[in-house]
Novice: 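Have a look at this one before I ask anything.
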Amino acid sequence: MSDIKSGMRDAEADAKETWRKADGESVGDKVADAGDRARNAVADAGDKIHEESDKLGRDAAYERGRAEGSVDHVDDTGV
């Protein structure tokens, strides 16, 4: 999912850069372009951190379930 978001962010930044260059390029345009790219890099990093933390949470829950399932239970059914 983060690859799709990242691609969309890059496409949006490309479109903004093209629009800004339509009337010539100024220092302000370059600063705005760099700001867009920096925000995208931070957002991409945040997405990766979020995905990894979700994965670690799922892995921990799986291991907890395995550990609980492997405990010998006392059969108190009388059979």
Novice: When rounded to the nearest 0.5 angstrom, what distance separates CD in Glu51 from NZ in Lys48?
Specialist: 9.0 Å
Novice: Test of understanding: with salt bridge (charged side-chain N to carboxylate O under 4.0 Å, His left out), list the residues that count as partners of Arg39, not counting sequence neighbours.
Specialist: Asp36
Novice: Who passes salt bridge (charged side-chain N to carboxylate O under 4.0 Å, His left out) against Glu12, sequence neighbours left out?
Specialist: Lys16
Novice: Drop me the distance from Asn40's CG to Ser6's OG, to the nearest 0.5 angstrom.
Specialist: 7.5 Å
Novice: Shortest non-hydrogen contact from Asp33 to Glu25?
Specialist: OD2-OE2, 4.3 Å
Novice: Report the distance from atom CZ of Arg58 to atom OG of Ser53, rounding to the nearest 0.5 Å.
Specialist: 9.0 Å
Novice: If you measure from CD on Glu52 to CG on Asp59, what distance do you get to the nearest 0.5 Å?
Specialist: 8.5 Å
Novice: Any salt bridge between Arg37 and Asp10, counting N to O under 4.0 Å?
Specialist: yes
Novice: Hydrophobic clusters join Ile, Leu, Val, Met, Phe, Trp and Tyr when side-chain heavy atoms are under 4.5 Å apart, directly or via other members; which others share one with Val42?
Specialist: none
Novice: May I ask you to say whether Arg9 pairs ionically with Asp44, meaning some side-chain N is under 4.0 Å from a carboxylate O?
Specialist: yes
